[in-house]
Amino acid sequence: MNYSNLIKVSTRALLRNKFRSFLTMLGIIIGIGSVIAMLAIGQGSKLSIENQVSSMGSNMVMVMPSSQSRGGVQLGNDDSKKLTVDDAKAISEECDAVSLVSPEVRSSGQVIYAKSNAPSTIYGVSPEYLDIKKTKITDGRIFTDKEVRSAAKVCLLGKTVIKNLFGENVNPIGYTIRFKSIPMQVIGVLEPKGENSFGQDQDDVILAPYSTVQKRILAITHVQTIVTSALSEAASADAMTQIETVLRTRHKLKTGDANDFEVRSQAELVKMFTSISDMLSMLLGAIAGISLLIGGIGIMNIMYVSVTERTREIGLRMAIGAQSFDILMQFLSEAMLLSVVGGIIGIILGISSAKIITSLANWPTVVTSNSVIMSFLVCTVIGIFFGWYPAQKASRLDPIDALRYE
Amino acid sequence: MAKKILEVKGLRKEFHVGDITVRALRGIDLTIEQGEFVAIMGTSGSGKSTMLNILGCLDKPTAGEYWLDGIAVAGLSKNELASLRNKKLGFVFQSYNLLPRTSAIENVELPLFYNPEIKAKERREIAMQALESVGLADRMHHTPNQLSGGQQQRVAIARSLVNDPVVIFADEATGNLDTRTSYEVMSLFQELNAKGKTIVFVTHEPDIARFTTRNVVFRDGHIIKEQMVDPRGNARELLNNMPINTDYE
Ligand SMILES: Nc1ncnc2c1ncn2[C@@H]1O[C@H](COP(=O)(O)OP(=O)(O)OP(=O)(O)O)[C@@H](O)[C@H]1O
Ligand SMILES: [Mg+2]
């Protein structure tokens, strides 16, 4: 029997029991469908994290005070006073793998304009901050170094803050807002960035000179974070060690003392998140794999039934000259047809459910050609693997026993 | 003397069911020549089907020698036997054994699928000729459940002819048919035999056996009688003289 005939004969045999064939395929359909959808979700979230992070600046390196613990006891907020503006200046001067440096002090509170008010967060930074975070200004200007030195009461607003205070499509430049009762003049508008992958609104921000936030709002002399930009993503590891050396010297730490600060690079963060999302995809994939296994067992089961039902047909085929191999191929191709057709339907289903998930839940999904090819191969293998034993059983029948079978 | 198509010597067949040994054939010597139309007769359980299955290379004897068209069958492997059946033998069964939901022409084609020497194009043509020779060319697209028993058996006969076999084996081929239809089928076999086909036909009905050329009678696994049929019946003539459907008037 040649292949086109084999496929024709198998197709006809399966069409003879349409509903049963469909039910048998269902396991594979669901299995492959969920594999494709799960991988699409996994890939999508991984890619969106990567995009997000690189849009935030993939060569960003951050320094934070470490939450030191001694004997398992957290040593409160004292430690968070360890970073200063001078630390930031030292990093900027001494670390040649670092291109830009900005201190960062944050304060959350109510922002008020006329009768409107809204909760928001003010970030005290230096002008370099915009380049480090790859943020642009759509209107107005960033504050000058002179304004930083004088702790000028000026600020830039994100889109959400503007909307909350002024309403849509209002240019707030020149107006004075109040943050924790400190009046500040709006001098610029930040480009909208949308939500980050944790659902945080990145436009709900107010930028002001760090000195202003330090002196007028928080009344502190330290900074909470130092954000820096390495020369490139590849240089971020170098930048991290240089920063560590500089800060250890400045903080007078002896060899053996633990750092009283932490240096984190965005590159590391990406790795962490992608490894989490990889793990998640693997877990989901494993669950989908189990349903594939069950689908395969379903095929095996129905093929056994089919072989038993058609024993006389097998006997007849043998009587008129079918060899064991012909019978083996016939049933094997039936099993493969079941799993491959199921697989194709599953692939289509998986792709469309990924699309639906994206449009309904607004989750990013990416169907890679790899996952499609792999699914296709997997269901072919399932067909061969689970079809083999029933087909083997059929091919080993004795012609006369098969003909006499009742 | 004509060519020997089948020759068996000292053929025995035993079945073991639990502790019991059933001796279905107990030393059979039989020769069938080209062009013969042999009826194997005997009571139920006398070993007719067992004999036919062995002659048809579907089953292996416990002992004895068997030559089919000059080939010693005993030494052949399972696959060689399949290929031998495919190229040299034709089978007609009591229950027709057509593939369900498969058209007549496709049923007839079936043996040719297992013969790699036959191209797809010839296949349809050869099958069509076979179907024509049993008078069912106009029913080629009908499936078995759209055909009467007699027509189904004629399709089965066409299927047995399609590989131009050296011998056709039929086991109770008229067993499920009424008298009239049996005669039609026998008339078809007689036509084939007249064209030179060798046929081995199992039946326990004497009035069917008289259409053949030689009767071999079995009892308890032995051949108890062999005789040439004389005078030989002509199924076509009998059919023509038979009143139609008088039973139901
Ligand atoms: N597969 C088998 N296993 C056990 N015994 C068998 C088997 N096949 C046949 N026999 C026995 O062999 C003997 C001959 O059987 P066979 O089928 O050849 O009879 P038969 O002449 O064809 O009868 P019938 O006219 O009823 O078809 C019987 O006693 C039967 O029980
Ligand atoms: Mg019998």
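Quick note: numbers below take in every heavy atom, side chains included, and nothing from hydrogens, waters or symmetry partners. Within every chain, numbering begins at 1; the chains are lettered A, B, ... in the order of the sequence lines, protein sequences first and strands thereafter.
Of all heavy-atom pairs spanning B/F91 and A/A319, the tightest one is CE1-O, 3.4 Å. Of all non-hydrogen atoms in A/Q323 and B/S83, the two that sit nearest each other are NE2-CB, 3.7 Å. The minimum heavy-atom distance linking A/A322 with B/A82 is given by the pair O-CB, 3.7 Å.
Your options are A/D398, A/I320, A/D401, A/L403, and the one with the most heavy-atom pairs under 4.5 Å with chain B is A/I320. Interface check for chain B: of the options A/R16, A/M318, A/E313, the most heavy-atom pairs under 4.5 Å are formed by A/R16. Ranked by heavy-atom pairs under 4.5 Å with chain A, the list B/N86, B/L89, B/L81, B/L84 is led by B/N86.
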*Could you walk me through whether A/R12 and B/L99 pass the side-chain contact (heavy atoms from CB on, under 4.5 Å) test, one step at a time?*
CA-CA 11 Å; A/R12 185 173 309 150; B/L99 295 189; over 6 Å; no

*Step by step, would you call B/R123 with A/N5 a side-chain contact (heavy atoms from CB on, under 4.5 Å)?*
CA-CA 12 Å; B/R123 199 159 55 212; A/N5 261 307; 3.1 Å; yes

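Neither the backbone nor the side chain of A/R310 comes within contact range of chain B, judged by heavy atoms closer than 4.5 Å. A/R312 touches chain B through its side chain: at least one heavy atom from C-beta onward sits under 4.5 Å away, while N, CA, C and O do not. Both the backbone and the side chain of B/P111 have a heavy atom closer than 4.5 Å to some heavy atom of chain A. Residue contact with chain A, scored on non-hydrogen atoms closer than 4.5 Å, involves the backbone and the side chain of B/P100 alike. Looking at A/L316, the atoms closer than 4.5 Å to chain B (heavy atoms on both sides) all sit in the side chain, from C-beta outward.
At most 12 non-hydrogen atoms from other residues, nucleotides or ligands lie less than 6.0 angstrom from CZ of B/R219. For B/K78, the NZ atom is densely surrounded, since the number of other residues' heavy atoms within 6.0 Å is greater than 12. Within 6.0 Å of the CH2 atom in B/W67, the count of heavy atoms belonging to other residues, nucleotides or ligands exceeds 12.
Atom-to-atom distance recorded for A/R404:CZ and B/N53:CG is 6.5 Å, nearest 0.5 angstrom.
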